[in-house]
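Each remark here refers to the structure printed beneath this line.
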Amino acid sequence: MSNGEADPERGADRLRELRARFGASLHERLERLDVLVGAARSGTSEDALDEALVVAHRLAGTAGTFGHVEAGEAAAALERALRRIAEGSPDPCAKDEAAGDEAAGDEAAGDEAAGDEAAWGEAMTALARVRAAASSSGLG
Amino acid sequence: VSEAPLRVLLVDDDDDIRSIGELALVEVGGMPTVLASSGAMALEVAAREQPDVVLLDVMMPGMDGPTTFRRLREQPETASIPVVFVTAKVQRHEVQRYLDLGAIGVIGKPFDPMTLPDELRAIMARARERG
């Protein structure tokens, strides 16, 4: 277990170092997020959505803690939108149940597509907000 | 007589959160701290180090926070160690769910590294008052 001697001055120095290190890594994280979100939206990778969720979740938790509140809030909005998309993926059981009523099934599919499109719109807006917030902080 | 500092186990899969959390607890709060990057590691470290409190991230790959919490309760040597969840999900019903599991408190993410130790001390004090 580490020593528990409080040293606020040393703490402040180390906090500056950690913040600088975090800032330096942000550009790479945003590029990764861009690639993953793009791949998830175009459907070119099955795992991209899950990976984008992990990156967005981590960024939401860390950016604010490192003092980049706006970037963190935008990352949290991105995470929420991506989660809605992930959770809104067609449920095979629901599809089977709806199969007996073609009209209801078509309507449900239309609602689902519209919901997905809205969530993607929110995701892309949130991603742009993360980039803008990072850029205005001199990061990313 | 000054109170002995809290000994903390911080569990989070994110390197950055472990780094800044350790900095906050040790340098700002004067709390001896040990780290774990997964639920499985937390079970082992908690049994060995016997911390006064575990700060446990909720969303972790593999064994998540609530599962780790249940496993800590199942191990006789860690069953009584207080646990505080750390999570971005701090809506009232979510916080209540973690408290109902048996956690003594919930700390939201993002957290302020400069006030994290005080927040943890306050949660521990309230838990002691509740008995």
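Just so it is clear: chains get the letters A, B, ... in the order the sequence lines come, proteins before strands, and each one is counted from 1.
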Cut-off 4.5 Å, heavy atoms of chain A, and the answer for B:D16 is both

Q) Are B:D15 and A:R21 ion-paired here, with the side-chain N under 4.0 Å from a carboxylate O? A) no

Do B:L99 and B:V58 belong to the same hydrophobic cluster, where Ile, Leu, Val, Met, Phe, Trp and Tyr are linked whenever their side-chain heavy atoms lie under 4.5 Å apart, directly or via other members? yes

Taking every heavy atom of A:G64 against every heavy atom of B:P110, the minimum-distance pair comes out as C-CB, 3.4 Å

task = Indicate if B:L43 and B:L101 have the same hydrophobic cluster label, given that clusters are the connected sets of ILVMFWY residues with side-chain heavy-atom separations under 4.5 angstrom.
result = yes

Under 4.5 Å to a heavy atom of chain A? For B:V45 that would be neither

Sub-4.5 Å side-chain heavy-atom contact between A:L15 and B:M114: yes

Expected contact set for residues 53-61 of chain A against chain B at heavy-atom separation under 4.5 Å reads A:H57, A:R58, A:A60, A:G61

Q) Around A:E122, counting heavy atoms of other residues, nucleotides and ligands shown, do more than 12 lie under 6.0 Å from its CD? A) yes

Interface check, chain A: of B:L23, B:T87, B:L9, most non-hydrogen pairs under 4.5 Å belong to B:L23

When the 4.5 angstrom heavy-atom criterion is applied to B:D57 and chain A, the contacting part is neither

Residues 88-117 of chain B vs ring-ring contact (aromatic ring centres under 6.0 Å, His included), sequence neighbours excluded, gives B:F85-B:Y98

Answer yes if B:I107 and B:V53 sit in the same cluster of Ile, Leu, Val, Met, Phe, Trp and Tyr residues linked by side chain heavy atoms under 4.5 Å apart, and no otherwise. yes

So, the part of B:R7 with a heavy atom under 4.5 Å from chain A: the answer is both

